[in-house]
Amino acid sequence: MEKARQLMELLQQEYALYKEMYELSLTKREALSDNNLDALNETVAKEQALLAKLEPVARARDLSALQLADELHISGEHISLRDVAARLPAEDATPILRLREAFNDLLGELSRTNEINAGVIGAQLSANQASINMLTQAAPYGNTYTKSGYASDSMSRVRVVDTAL
């Protein structure tokens with residue numbers, strides 16, 4: 001079936017792009033763990049370019065799947081690849097179902113890698129914020145308590161970066 005082969009080609013293109021996205025997520029993790037901002041910025045720019053390539057392929061895949069479903073007289077609001085493959089001859093259905101499984105595996109790995117990357121970014125931001133707070137935090141200048149034994153409310157504060165060395 002020609003439309004099934006066309007769908008398979010689009011799925012393969014989309015899979016290749018997602019595989020590249022996964023490779024970039026690993027590169028991003030390495031850049032994050034090395035604190036290499038130049039490599040991180042380069043990787044993010046590549047990801048954005050890849051997303052721009054991915055969008056038209058995904059749209060073409062959706063259109064192709066809908067056309068094939070229409071040809072196979074499959075109706076419904078949410079048509080899955082499994083629904084389409086169930087109506088195809090085995091020689092057309094088997095490669096689609098195999099690629100569907102590979103897609104699921106790849107997307108699971110990509111999701112896990114992105115979660116790890118988000119955790120690394122969060123930890124690094126927390127560490128940076130702690131360093132900034134330590135440098136800019138106001139330190140008390142003068143006495144903490146007044147003669148009556150109460151804490152002083154109107155103490156003047158001096159930031160650590162403003163103190164003389």
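We're numbering straight along the sequence, starting at 1.
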*After noting the C-alpha distance and the side-chain angles of Leu68 and Leu88, does the key distance pass the side-chain contact (heavy atoms from CB on, under 4.5 Å) rule?*
CA-CA 10 Å; Leu68 181 58; Leu88 290 172; 4.3 Å; yes
*For the side chain of Ser64 and the backbone of Ala60, is there at least one donor-acceptor N/O pair under 3.5 Å apart?*
no
*So, Thr43 side chain and Ala39 main chain: donor-acceptor pair closer than 3.5 Å or not?*
yes
Say you draw a straight line from [atom1] of [X] to [atom2] of [Y]; how long is it, rounded to the nearest 0.5 Å?
{"X": "Glu71", "Y": "Lys3", "atom1": "CD", "atom2": "NZ", "value": "5.5 Å"}
{"X": "Leu24", "Y": "Lys19", "atom1": "CG", "atom2": "NZ", "value": "12.0 Å"}
{"X": "Leu99", "Y": "Asn104", "atom1": "CG", "atom2": "CG", "value": "10.0 Å"}
{"X": "Ile121", "Y": "Leu32", "atom1": "CD1", "atom2": "CG", "value": "5.0 Å"}
{"X": "Arg61", "Y": "Gln6", "atom1": "CZ", "atom2": "CD", "value": "13.0 Å"}

Looking only at heavy atoms, which two atoms of [X] and [Y] are closest? And how far apart?
{"X": "Arg82", "Y": "Leu97", "result": "CA-CD2, 4.3 Å"}
{"X": "Pro95", "Y": "Met8", "result": "O-CE, 3.4 Å"}
{"X": "Ile79", "Y": "Ile74", "result": "CD1-O, 3.9 Å"}
{"X": "Ala69", "Y": "Val84", "result": "CB-CG2, 4.3 Å"}
{"X": "Tyr18", "Y": "Phe103", "result": "CD1-CE2, 3.6 Å"}
{"X": "Leu17", "Y": "Lys53", "result": "CD1-O, 4.0 Å"}

Single-linkage hydrophobic cluster, 4.5 Å side-chain cutoff, [X] and [Y] together:
{"X": "Ile132", "Y": "Leu125", "answer": "no"}
{"X": "Leu66", "Y": "Leu11", "answer": "yes"}
{"X": "Leu40", "Y": "Met21", "answer": "no"}
{"X": "Leu107", "Y": "Ile96", "answer": "yes"}

*Can you list the residues that meet the side chain to side chain contact (heavy atoms under 4.5 Å, CB included) rule with Arg112, with sequence neighbours excluded?*
Glu109
*Identify, with sequence neighbours excluded, every residue that meets side chain to side chain contact (heavy atoms under 4.5 Å, CB included) alongside Thr113.*
Tyr22, Ser25, Leu26, Arg29, Asn117
For [X], check salt bridge (Lys or Arg N to Asp or Glu O under 4.0 Å) against everything at least two apart and list the hits.
{"X": "Glu55", "value": "Arg59"}
{"X": "Glu47", "value": "Lys28"}
{"X": "Arg5", "value": "Asp92"}

*Is there any side chain to side chain donor-acceptor pair (under 3.5 Å) pair reaching into residues 30-42, and which pairs are they, with sequence neighbours excluded?*
Asn35-Gln124, Glu42-Lys46
*May I ask you to test the Leu81-Leu7 pair for a side-chain heavy-atom distance under 4.5 Å?*
yes
*Do we see a donor-acceptor contact under 3.5 Å between the side chains of Ser80 and Asp83?*
yes
